[in-house]
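None of the values given here were measured: they were computed from a predicted structure.
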Amino acid sequence: MIEFSVVESSLGRIFLVARNRKLIELSISAQGIYTIEKEILKKYPDARQSVESFKKVHRMLDRYLKGEYVDFDVETDLSCYSEFVRRVLMKVKEIPYSQVRSYDWIGKQSGYPRAPRAAGQAVKRNPIPIIIPCHRVIRKDGTIGGFSMGIEIKRRLLDIEGIKFSE
């Protein structure tokens with residue numbers, strides 16, 4: 001069973017998709033709600049909209065975006081990804097609030113010390129940003145690096161956590 005929800009936020013419209021009550025996707029969009037719903041239903045034709053199923057996640061995201069510390073205790077499903085990607089993303093999930101780690105660190109901690117670029121590509125594929133805080137991963141030289149939803153959203157997420165970048 002696939003369910004989805006779209007909610008307004010200070011970052012734009014956040015849409016959430018869950019399979020069997022486990023989160024499989026989170027994205028932020030500036031598009032209109034009907035366009036987002038159409039895209040979700042194109043990707044997941046059997047999905048049904050449900051606000052009720054996502055109430056807990058909505059509350060946590062709202063608190064987080066207001067600057068509160070939130071422990072995102074949310075079940076996720078990354079089963080459609082390779083073991084490598086899952087290992088990297090689970091290591092990213094361990095990065096503490098208001099702290100950053102490098103792609104190099106992620107590679108090493110995931111058991112792939114010679115694969116920082118591959119770790120970076122795995123981080124880029126993160127389907128559940130914020131919950132799996134890939135915005136906390138930066139370059140080894142201390143610069144901000146990239147972000148799948150755009151560098152400005154990454155800056156805003158880091159800013160919410162009190163992490164500033166001057167570049």
Participant: Could you note down all residue pairs passing salt bridge (charged side-chain N to carboxylate O under 4.0 Å, His left out) where residues 113-128 supplies at least one of them, sequence neighbours left out?
Facilitator: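 Qualifying pairs, neighbours excluded: none.
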Participant: Enumerate the ring-ring contact (aromatic ring centres under 6.0 Å, His included) contacts for residues 109-132, please, sequence neighbours excluded, ordered by first and then second residue.
Facilitator: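 For residues 109-132: F84-Y112.
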Participant: First locate atom OG of S5, then atom CD of E52, and finally report the distance between them rounded to the nearest 0.5 Å.
Facilitator: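 If we round to the nearest 0.5 Å, S5:OG and E52:CD are 10.5 Å apart.
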Participant: To the nearest 0.5 Å, what is the distance between NZ on K140 and CD1 on I106?
Facilitator: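 So the gap between those two atoms works out to 14.0 Å.
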Participant: Taking side-chain contact (heavy atoms from CB on, under 4.5 Å) as the test, write out the residues that go with D141, two or more places apart.
Facilitator: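 Residues passing side-chain contact (heavy atoms from CB on, under 4.5 Å) with D141: R139, T143.
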Participant: State plainly whether the residues R155 and E152 are in salt-bridge range, i.e. N to O under 4.0 Å.
Facilitator: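 Answer for the salt bridge query: yes.
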Participant: The criterion is side-chain contact (heavy atoms from CB on, under 4.5 Å); which residues satisfy it with E75, sequence neighbours excluded?
Facilitator: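 Once residues adjacent in sequence are excluded, the partners of E75 under the side-chain contact (heavy atoms from CB on, under 4.5 Å) criterion are K22.
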Participant: What distance do R136 atom CZ and E161 atom CD have between them, rounded to the nearest 0.5 Å?
Facilitator: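 It comes to 4.0 Å.
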Participant: Return the minimal non-hydrogen interatomic distance between Y103 and G146, and the atom names on each side.
Facilitator: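 Answer, listing the atom of Y103 first, then G146: OH-O, 3.8 Å.
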Participant: Closest heavy-atom contact between R101 and P96?
Facilitator: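 So the two residues come closest at NH2-CD, 3.9 Å.
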Participant: Under the ring-ring contact (aromatic ring centres under 6.0 Å, His included) test, which residues partner F72, sequence neighbours left out?
Facilitator: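 Partners of F72 by the ring-ring contact (aromatic ring centres under 6.0 Å, His included) criterion, ordered by chain and then number, come out as Y64.
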Participant: Identify, with sequence neighbours excluded, every residue that meets ring-ring contact (aromatic ring centres under 6.0 Å, His included) alongside Y69.
Facilitator: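 Y97.
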Participant: Of all the heavy-atom pairs spanning Y81 and P127, show the shortest one and how long it is.
Facilitator: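 Looking at all heavy atoms of both residues, the closest pair is OH-CB, 3.5 Å.
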Participant: With the 4.5 Å side-chain cut-off for hydrophobic clustering, are V74 and L65 part of the same group?
Facilitator: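 Looking at the clustering, L65 is in the same group as V74.
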Participant: Do D77 side-chain atoms and R19 backbone N/O form a donor-acceptor pair below 3.5 Å?
Facilitator: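 Absent.
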Participant: Check salt bridge (Lys or Arg N to Asp or Glu O under 4.0 Å) between E94 and all other residues, then give those that pass, not counting sequence neighbours.
Facilitator: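 Testing E94 for salt bridge (Lys or Arg N to Asp or Glu O under 4.0 Å), a comparison that skips the adjacent residues, returns K91.
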Participant: Taking side chain as C-beta onward, heavy atoms only, is D62 less than 4.5 Å from E68?
Facilitator: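 They are not in contact (no side-chain heavy atoms under 4.5 Å apart), so the answer is no.
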Participant: For Q31, is there any backbone N or O sitting under 3.5 Å from a side-chain donor or acceptor partner on T35?
Facilitator: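 Looks like no, no N/O pair under 3.5 Å.
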Participant: Counting C-beta onward and ignoring hydrogens, is there a side-chain heavy-atom pair between E37 and Q49 closer than 4.5 Å?
Facilitator: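 Touching, per the 4.5 Å side-chain cut-off.
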Participant: Any chance you could measure L26, atom CG, to I128, atom CD1, to the nearest 0.5 Å?
Facilitator: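 L26 CG to I128 CD1: 8.0 Å, rounded to 0.5 Å.
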Participant: At what distance, to the nearest 0.5 angstrom, does CZ of R86 lie from OG of S79?
Facilitator: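 Rounded to the nearest 0.5 Å, the CZ-OG separation comes to 7.5 Å.
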Participant: Test of understanding: clusters of I, L, V, M, F, W, Y form through side-chain heavy atoms closer than 4.5 Å, transitively. Do I163 and W105 belong to the same one?
Facilitator: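 Different hydrophobic clusters.
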Participant: Identify the heavy atoms of M60 and D73 that sit nearest to each other, and give their distance.
Facilitator: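 Where M60 meets D73 most closely, the heavy atoms are SD-N, 4.1 Å.
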Participant: Tell me whether I151 is reachable from V137 by hopping between hydrophobic residues (I, L, V, M, F, W, Y) whose side-chain heavy atoms are closer than 4.5 Å.
Facilitator: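 Unlinked, V137 and I151 end up in two clusters.
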Participant: Is a side-chain N or O of K93 found less than 3.5 angstrom from the main chain of I131, in a donor-acceptor match?
Facilitator: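 Not at all, since once roles are kept as given, no pair shorter than 3.5 Å links the two residues.
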Participant: Tell me whether I144 shares a hydrophobic cluster with V123, the cluster being built from Ile, Leu, Val, Met, Phe, Trp, Tyr side chains joined at under 4.5 Å.
Facilitator: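 In one cluster with I144: V123, no.
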Participant: Share the residues that join V17 in a hydrophobic cluster, the rule being Ile, Leu, Val, Met, Phe, Trp or Tyr side chains under 4.5 Å apart at the heavy-atom level.
Facilitator: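 The other cluster members (ILVMFWY side chains, heavy atoms under 4.5 Å, direct or chained) are I2, F4, V6, F15, I24, I33, Y34, I36, I40, L41, Y44.
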Participant: As a quick check of understanding, evaluate side-chain contact (heavy atoms from CB on, under 4.5 Å) for N126 and V85, giving each step before the final call.
Facilitator: CA-CA 8 Å; N126 180 12; V85 171; over 6 Å; no
Participant: Apply salt bridge (Lys or Arg N to Asp or Glu O under 4.0 Å) to K108 and list each qualifying residue two or more places apart in sequence or on a separate chain.
Facilitator: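 Scan of K108 (salt bridge (Lys or Arg N to Asp or Glu O under 4.0 Å), adjacent residues dropped) gives D104.
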Participant: Of all heavy-atom pairs between M90 and L78, which one has the smallest distance, and what is that distance?
Facilitator: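 Distance-wise, the nearest heavy atoms are CE-CD1, 3.4 Å.
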Participant: If you measure from CD1 on I130 to CD1 on I28, what distance do you get to the nearest 0.5 Å?
Facilitator: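 If I round to the nearest 0.5 Å, the distance is 4.0 Å.
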Participant: Of all residues at least two apart in sequence or in a different chain, which pass the salt bridge (Lys or Arg N to Asp or Glu O under 4.0 Å) check with R59?
Facilitator: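 With neighbours one apart ignored, the set is empty.
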Participant: Mind checking what makes side-chain contact (heavy atoms from CB on, under 4.5 Å) contact with E3, not counting sequence neighbours?
Facilitator: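 Applying side-chain contact (heavy atoms from CB on, under 4.5 Å) to E3 gives M1, R21, R48, S50, S53, F54.
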Participant: Please check if L89 and V100 belong to a single hydrophobic cluster, counting links between Ile, Leu, Val, Met, Phe, Trp and Tyr side chain heavy atoms closer than 4.5 Å.
Facilitator: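 As far as the 4.5 Å side-chain criterion goes, V100 and L89 are not connected within one cluster.
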Participant: How close do L157 and H135 get, counting heavy atoms only, and between which atoms?
Facilitator: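 So the two residues come closest at CB-CD2, 3.6 Å.
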Participant: Give every residue pair that meets the side-chain hydrogen bond (donor to acceptor under 3.5 Å, both in side chains) criterion with at least one member in residues 6-17, sequence neighbours excluded.
Facilitator: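 Those involving residues 6-17 are E8-R13.
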